[in-house]
Asks: 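Have a look at this one before I ask anything.
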Amino acid sequence: MPQRTMVEALNHSLDESMGRDDSVCIMGEDVGINGGVFRVTKGLHEKYGDRRVMDTPLAECGIIGTAVGMAIHGLKPVTEIQFSGFSMQAFDQIEQNMARMRNRTQGRFPISMVMRAPFGGGIRAVEHHSESREAYWAHTPGLKVVIPSGPRNARALLNASIEDPDPVIFYEPKAVYRAFREDVPDEYETLPLGKANIVRPGSDLTVISYGAMMRVCNEAVDDLVDIHGVDVELIDLLSISPMDTATLAESVSRTGRCVIVHEGHQSCGIAAEIIARLNEHAFEYLCAPIRRVTCPDLPFPYFQTEKHFLPDADDVIAAVQETLAWE
Amino acid sequence: MPQRTMVEALNHSLDESMGRDDSVCIMGEDVGINGGVFRVTKGLHEKYGDRRVMDTPLAECGIIGTAVGMAIHGLKPVTEIQFSGFSMQAFDQIEQNMARMRNRTQGRFPISMVMRAPFGGGIRAVEHHSESREAYWAHTPGLKVVIPSGPRNARALLNASIEDPDPVIFYEPKAVYRAFREDVPDEYETLPLGKANIVRPGSDLTVISYGAMMRVCNEAVDDLVDIHGVDVELIDLLSISPMDTATLAESVSRTGRCVIVHEGHQSCGIAAEIIARLNEHAFEYLCAPIRRVTCPDLPFPYFQTEKHFLPDADDVIAAVQETLAWE
Amino acid sequence: MDTTPIDLGSIDVLQVLDEHANVDASRDPNYERGQLVKMHRGLVLTRSFDQRMLTMQRQGEMGTFAPNLGQEACQLGQVIPLTADDWYSPSYRSFGAQLWRGWSIERLYKLWAGYHEGFPPPPDVNDLPFSIVIGSHVLPAVGIAMGMNYRSEPNCVVVNFGDGASSQGAVAEALNYAAVNTAPVVFVCENNGWAISTPLSKQSATNNLAVRGAGFGIPSIRVDGNDILAMTMAVDEAARRARAGEGPTFIEAVTFRMSLHTTADDPTVYREQELVDPWEARCPIVRFEHYLQRNGHLSQTEIARVHEECDAEVIAARDRFRADAVARPREIFDHIYGELPPELEAQKQAYLDRLDQKGVE
Amino acid sequence: MDTTPIDLGSIDVLQVLDEHANVDASRDPNYERGQLVKMHRGLVLTRSFDQRMLTMQRQGEMGTFAPNLGQEACQLGQVIPLTADDWYSPSYRSFGAQLWRGWSIERLYKLWAGYHEGFPPPPDVNDLPFSIVIGSHVLPAVGIAMGMNYRSEPNCVVVNFGDGASSQGAVAEALNYAAVNTAPVVFVCENNGWAISTPLSKQSATNNLAVRGAGFGIPSIRVDGNDILAMTMAVDEAARRARAGEGPTFIEAVTFRMSLHTTADDPTVYREQELVDPWEARCPIVRFEHYLQRNGHLSQTEIARVHEECDAEVIAARDRFRADAVARPREIFDHIYGELPPELEAQKQAYLDRLDQKGVE
Ligand SMILES: Cc1ncc(C[n+]2csc(CCOP(=O)(O)OP(=O)(O)O)c2C)c(N)n1
Ligand SMILES: Cc1ncc(C[n+]2csc(CCOP(=O)(O)OP(=O)(O)O)c2C)c(N)n1
Ligand SMILES: [Mg+2]
Ligand SMILES: [Mg+2]
């Protein structure tokens with residue numbers, strides 16, 4: 001199987017999706033001849049031309065708003081927002097039309113479209129380039145929110161998102177874009193939206209994470225298992241909304257302890273929602289407070305300090321140990 | 001003491017704040033001679049003129065963006081967004097400048113401004129007029145989020161918000177605007193931001209709510225106390241961010257049980273954050289899962305069905321009884 | 001500095017029928033009688049509908065809505081030239097256009113009375129739902145037009161918005177996207193002078209809004225919005241250009257909001273009656289009726305009959321609406337996603353259980 | 001349809017010094033030698049700074065940044081006419097203007113190397129922080145100008161943004177707010193032909209951007225952005241108008257992005273060298289140096305000395321930067337609110353404890 005980076009895997013997904021379905025098209029800033037600033041759309045303009053790979057003016061609200069119209073007209077736009085921080089410019093169109101059009105029209109106009117955006121920290125970028133605001137979208141009825149963690153699931157989830165009849169926010173952890181390669185088969189592959197992945201089964205404690213933080217968690221879990229002898233269960237959420245509550249609740253009902261790790265801000269973040277659900281579905285099994293390992297409620301800092309701001313493996317290990325020690 | 005509706009109390013706050021400080025000014029659509037569509041700014045244009053009460057073009061991003069500039073220049077703009085649903089149009093300026101300017105400039109440009117907006121359901125309005133999306137703002141570092149529940153606290157909190165050195169999202173529960181009158185003293189009065197109010201002390205269970213849902217909760221609590229003999233403690237949050245975690249945790253540590261009531265959507269909503277904090281600060285005292293009584297994860301429906309969509313006293317009573325019955 | 005700023009000028013207003021129903025013969029499109037009579041009926045029906053709705057609102061049967069009085073010609077003119085394959089994107093004040101496009105009166109009553117089955121466009125009508133969020137429908141309308149280009153379909157989109165909407169950034173982006181993509185879209189900016197209490201002079205520093213389109217490179221014209229012939233001609237020509245691949249047109253339809261902004265509004269607070277009076281004489285219906293009479297298309301008696309028939313049609317529809325309209329609280333989870341995810345399935349069950357407990361149908 | 005669309009025309013470009021440094025004597029502002037020499041030094045320092053930063057970036061000392069090569073005259077011209085009481089709102093490519101306004105070289109190096117102490121404008125400089133989010137600074141700049149009106153202060157604001165930024169809805173709203181409020185603001189739209197890989201032809205359907213301002217009723221002109229005399233004069237006049245209560249001006253500064261979009265960009269992927277070549281001859285510095293020499297203001301030797309001095313100044317600043325710059329992770333909670341609320345105090349404590357455990361200063 002070919003080894004691909006996440007960027008290459010995403011590019012492969014776009015290519016195969018466009019090949020399968022003429023209604024799939026790409027819209028965004030610099031996605032054409034330039035292939036996107038991260039090169040995710042590289043070569044697609046050359047292959048599919050101006051009609052299907054559209055460079056847009058520099059206006060994100062315009063990208064999403066016109067894509068909604070194209071989706072109403074039966075196309076499947078895969079839009080790129082250059083950095084997720086700039087999706088704020090499109091918030092109105094996302095919330096008022098993209099997320100709601102199906103409901104507003106009682107099913108007449110489903111919006112089958114994808115908003116791709118690189119998100120998260122770790123690449124030494126200036127301000128507004130490192131946000132993790134997936135909680136905004138998870139709080140917005142009508143959207144789905146998908147976040148892959150590696151090349152193979154990125155490709156399979158993007159395929160599934162493009163096929164999905166509903167609007168999908170597809171956040172790509174840019175710190176993973178070129179971080180490693182993985183086997184990604186040539187044959188078309190999808191993963192169901194709404195399903196979490198138990199990366200490592202375990203019995204002592206459940207760690208739940210997603211996106212680039214999965215790398216941090218993997219590192220922490222390796223240490224916890226190998227050095228500290230803790231049998232951690234590690235879950236990769238993959239889909240933030242819908243969320244695979246059943247898998248999470250089943251896991252924590254077994255382990256009784258849980259640590260949640262993400263880059264997004266703490267207050268009203270994804271971890272809060274997971275805690276609320278575990279409180280509802282696994283309350284009687286909880287042996288310790290569920291801990292949140294997240295970025296603080298601060299704007300993402302200037303990049304000289306970002307490595308301290310972002311959770312690292314030591315933070316996860318400490319949280320796991322404290323949770324285990326709790327009585 | 002004069003009896004005032006919430007609208008009158010807010011109007012009084014604006015008037016007295018403008019009287020005290022020439023840098024306080026009002027900006028928004030139809031806030032001038034028309035006095036705002038809910039008449040909150042009634043008479044202020046006549047009294048303070050075009051300079052201090054500014055009708056803006058129909059562009060919310062423009063209202064917030066220019067208000068940020070005015071705040072940088074030392075003014076204290078109190079902006080009105082006609083309905084909170086239209087604040088999505090200003091999301092970029094709120095998130096990127098209003099919330100962050102102090103931090104972006106290392107304290108050089110604090111943004112002392114208020115964004116007022118009527119929010120919530122219950123007035124038989126068309127779509128986009130009944131949203132409760134305070135969780136967006138509570139997830140946005142740099143903002144404060146304040147939600148009064150009656151005329152007197154509305155007036156005192158708005159005064160405090162205008163005085164505050166930081167940007168405040170001030171959500172006004174429009175279902176309460178003219179619902180009842182309350183004694184509101186003529187003398188200037190403030191309430192501290194970040195302090196919850198224990199409306200009724202009790203020992204069996206804590207109900208936490210805010211905004212228009214406080215009326216629903218009051219009704220439910222009256223029944224619970226009088227008819228069902230349950231000694232409920234009722235807390236009015238008032239400040240969503242910062243949140244008075246200490247008061248909430250202290251209460252639930254005493255009662256061991258908790259129900260949270262709000263209009264906002266459930267997933268990643270305010271109740272989720274409260275649960276997460278109680279999990280962190282009162283875990284060992286919890287005798288039952290904390291229940292959420294919220295609107296579902298759906299866009300606010302067309303108004304013929306809104307009364308079923310919104311939580312009512314029966315829903316609160318049922319949740320309280322289920323929580324009490326849990327073992 | 002001696003460079004001359006670009007001259008904003010003020011472009012002439014296209015007019016066929018003047019206030020006194022005098023015809024500029026050189027421009028008269030000379031539509032056939034059948035067409036003219038249909039147009040007239042459309043105007044009258046719009047007004048009957050609107051007035052009945054106001055009564056119903058005052059009686060508590062309707063939610064807040066935005067009356068259309070005086071803007072009927074703008075409304076009709078912008079959709080008369082459209083085919084069923086063309087698309088239309090209405091504002092919340094676009095009743096006239098919606099009725100012409102095939103929205104039934106009952107549907108519109110249901111919509112404004114808050115029944116969700118009234119919101120979606122009728123099954124065979126290529127319309128967007130109206131937009132309450134000012135200007136938010138304009139980008140999707142342009143997107144549909146871009147979709148027509150994508151599929152090489154020779155159709156077009158007409159999108160309606162107000163003078164107030166022209167201030168929204170999203171509308172500016174829509175103009176630009178349409179222009180750079182040569183999208184087959186006709187922007188009809190219905191300048192009725194007011195955005196609630198805000199007059200055009202506070203909305204824009206220009207004395208006309210057609211320059212706005214021009215600033216994005218879009219051929220832009222001003223049209224007398226109270227002249228149904230001028231409106232129809234202008235939109236017809238713009239639609240033709242659009243379908244022929246010549247791109248967007250910006251039409252500023254100059255009219256006046258004769259009535260309340262909405263039923264929640266009291267214009268006496270902010271505008272003098274003197275501003276309204278001159279427009280009484282510019283009534284688009286009276287003017288057109290003079291034209292029809294003068295040209296022998298309709299007699300006074302025939303005209304009166306049209307008014308009666310329209311009133312009767314509206315009342316019949318109101319009665320059907322009264323008989324028909326039922327709130328359907330059990331349906332609110334039906335259209336949020338293609339398939340309901342488990343968490344929403346659980347929320348739905350809890351919600352339905354609550355309805356059961358409360359004995360709600 | 002026989003109504004003429006509004007003519008977009010293409011307005012002349014204001015120029016004093018042409019490509020060959022020929023002067024249009026009727027326009028020459030005849031600045032004093034002292035002023036001219038200062039302007040020259042500003043241009044050269046900007047270029048030295050920019051080139052050094054590129055070297056430092058390539059050596060891993062800097063984050064991604066956007067080189068300024070070829071746009072130095074635009075940069076300087078837009079701030080030379082400003083007083084310390086006027087405000088300036090830079091883009092991320094506005095080094096030249098920032099240096100002139102009093103940002104030290106070290107501060108800018110710190111900024112682009114990701115040290116938070118580099119971000120805020122220097123204490124006594126009335127500048128906004130530069131904006132990374134395209135166009136998002138334009139509304140606040142207009143707001144400051146509205147604040148000047150509020151306080152009847154006779155100052156103005158200059159705000160700098162690119163051709164790409166002209167597509168943002170928020171920029172359109174800013175133009176409109178400035179126009180309706182007669183705000184003392186000068187919009188300098190630095191049209192360098194490109195927004196990353198997107199040429200103007202994909203950004204706008206117009207062949208110039210000055211019409212954009214005109215569409216909002218703002219006096220608008222095009223200026224040769226590579227001619228420092230024309231730029232300075234145009235901004236000077238616009239600032240004078242603004243301060244005199246005559247409202248905003250829109251200046252399209254026509255220039256060219258000679259270098260990379262940013263250091264993360266590779267323009268060879270999307271543009272032909274042939275498009276760049278003609279602009280080599282239009283270098284704003286060389287052109288101005290010819291003028292200075294021809295008018296006897298500076299000799300070739302003096303000019304060479306300026307270049308050396310600027311290079312030395314930049315290197316000295318770089319050395320100070322290297323000695324000075326320290327990451328301060330303990331400060332990240334310091335400026336989020338006027339007073340830290342309890343939940344953030346707790347988060348701060350946890351964060352500081354973590355730093356302690358990890359032995360981070
Ligand atoms: C984004 C947004 N802001 C504010 C409102 C409230 N509002 C409803 S109608 C209106 C005025 C609209 O004026 P205009 O666009 O001229 O249309 P008209 O009502 O005159 O038809 C306003 C401010 C809204 N619906 N949407
Ligand atoms: C809102 C937003 N969208 C996208 C970007 C990514 N981006 C950074 S610079 C740039 C091009 C800007 O072009 P222009 O405005 O012409 O300025 P220039 O770079 O030419 O100086 C883009 C798309 C951004 N920073 N902000
Ligand atoms: Mg209007
Ligand atoms: Mg540019």
Side-chain angles (χ1 to χ4, degrees), chain B residues 28-39 42 45 50 54-63 65 82-83 85-86 88-90 92-93 123-129 131 265-267 292-309 311-312 314-315 318-319, chain C residues 63-65 92 110-119 129-136 162-171 195-198 202-204 261-262 264-267 269-271 325-333 336 341 343-344 347-348 350-351 354-355 357-358 360:
Chain B
E29 295 155 12
D30 308 293
V31 295
I33 181 171
N34 197 36
V37 295
F38 288 104
R39 304 291 181 252
K42 190 176 165 187
H45 180 263
D50 269 348
M54 287 166 263
D55 273 330
T56 65
L58 210 175
E60 289 75 13
C61 188
I63 296 172
Q82 214 163 75
F83 287 84
F86 311 144
M88 305 303 114
Q89 264 56 17
D92 46 346
Q93 284 296 328
I123 63 152
R124 293 170 56 85
V126 281
E127 54 170 3
H128 301 286
H129 280 74
E131 326 322 285
H265 308 298
Q266 182 162 303
S267 289
R292 299 189 267 186
V293 180
T294 69
C295 287
D297 291 326
L298 293 179
F300 201 92
Y302 304 102
F303 66 77
Q304 288 292 348
T305 55
E306 74 174 318
K307 76 161 177 282
H308 307 300
F309 183 76
D312 64 16
D314 288 343
D315 299 329
Chain C
T64 304
F65 83 97
Y92 49 87
K110 284 184 186 166
L111 189 171
W112 290 102
Y115 296 93
H116 57 240
E117 66 267 39
F119 271 71
F130 82 100
S131 148
I132 266 295
V133 186
I134 302 294
S136 66
D163 46 305
S166 73
S167 295
Q168 284 287 352
V171 173
I196 310 186
S197 71
T198 309
K202 287 189 168 186
Q203 200 67 249
S204 177
H261 166 67
T262 66
D265 178 51
D266 175 10
V269 172
Y270 55 80
R271 76 176 182 189
V326 209
R328 303 184 201 281
R330 290 184 179 269
E331 292 179 356
I332 66 173
F333 284 83
I336 179 71
E343 55 255 67
L344 269 165
Q347 291 183 15
K348 178 179 173 183
Y351 169 82
R354 251 171 64 193
L355 292 189
Q357 279 154 27
K358 296 177 189 172
V360 177

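Labels below follow one simple rule: chain letters A, B, ... track the order of the sequence lines, proteins then strands, and each chain is numbered from 1. Note that these values count all heavy atoms, side chains included, but never hydrogens, waters or copies made by symmetry.
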Asks: Under 4.5 Å heavy-atom distance to chain C, tell me which part of B:E306 shows up: side chain, backbone, both or neither.
Replies: neither

Asks: Strictly below 4.0 Å, N to O, side chains only: are C:K358 and B:D315 in salt-bridge contact?
Replies: yes

Asks: With only heavy atoms counted, which part of C:F333 is less than 4.5 Å from chain B, the side chain, the backbone, both or neither?
Replies: both

Asks: If you take the centroid of each ring, where Trp contributes its six-membered ring, are B:Y302 and B:F309 closer together than 6.0 Å?
Replies: no

Asks: Can you tell which of C:G118, C:G63, C:A113 has the highest number of heavy-atom pairs within less than 4.5 Å of chain B?
Replies: C:A113

Asks: For each of C:I196, C:D163, C:V269, C:V360, tally heavy-atom pairs with chain B at distances under 4.5 Å, and name the one with the top tally.
Replies: C:I196

Asks: Could you tell me whether the side chain of B:E60 and the main chain of B:L58 form a donor-acceptor pair under 3.5 Å?
Replies: no

Asks: Heavy-atom pairs under 4.5 Å with chain B - which of C:V171, C:I134, C:T64 has more of them than the others?
Replies: C:I134

Asks: For C:A195 versus C:G164, what's the shortest heavy-atom pair and its separation?
Replies: CB-CA, 3.8 Å

Asks: Using non-hydrogen atoms and a 4.5 Å limit, figure out which bit of C:A165 sits close to chain B: side chain, backbone, both or neither.
Replies: backbone

Asks: Step by step, would you call C:T198 with C:Q203 a side-chain hydrogen bond (donor to acceptor under 3.5 Å, both in side chains)?
Replies: CA-CA 7 Å; C:T198 309; C:Q203 200 67 249; 5.0 Å; no

Asks: Aromatic rings C:F130 and C:W112: how do their planes relate, parallel, tilted or perpendicular, breaks at 30° and 60°?
Replies: tilted

Asks: When heavy-atom pairs shorter than 4.5 Å are enumerated against chain B, which of C:E343, C:R354, C:E331, C:R328 gives the highest number?
Replies: C:R354

Asks: Report which part of B:H308 has an atom under 4.5 Å of a heavy atom belonging to chain C: side chain, backbone, both, or neither.
Replies: both

Asks: With a 4.5 angstrom heavy-atom cut-off, could you sort out which part of C:Y115 is near chain B: side chain, backbone, both or neither?
Replies: both

Asks: Measuring heavy-atom distances to chain B, does C:I332 have an atom under 4.5 Å in its side chain, in its backbone, in both, or in neither?
Replies: both

Asks: Go through it in stages, so that I can follow the logic: the residues are B:F300 and B:H265, the test is ring pair (Phe, Tyr, Trp, His ring centres under 6.0 Å), and I'd like the CA-CA distance, side-chain angles, deciding distance and then a yes or no.
Replies: CA-CA 9 Å; B:F300 201 92; B:H265 308 298; 8.6 Å; no

Asks: Checking heavy atoms, do the side chain of B:D314, its backbone, both or neither come under 4.5 Å from chain C?
Replies: side chain

Asks: Where the side chain of B:D30 meets the backbone of B:G36, is there a donor-acceptor pair that is under 3.5 Å apart?
Replies: no

Asks: Name the region of B:P296, side chain, backbone, both or neither, that has any atom closer than 4.5 Å to a heavy atom of chain C.
Replies: both

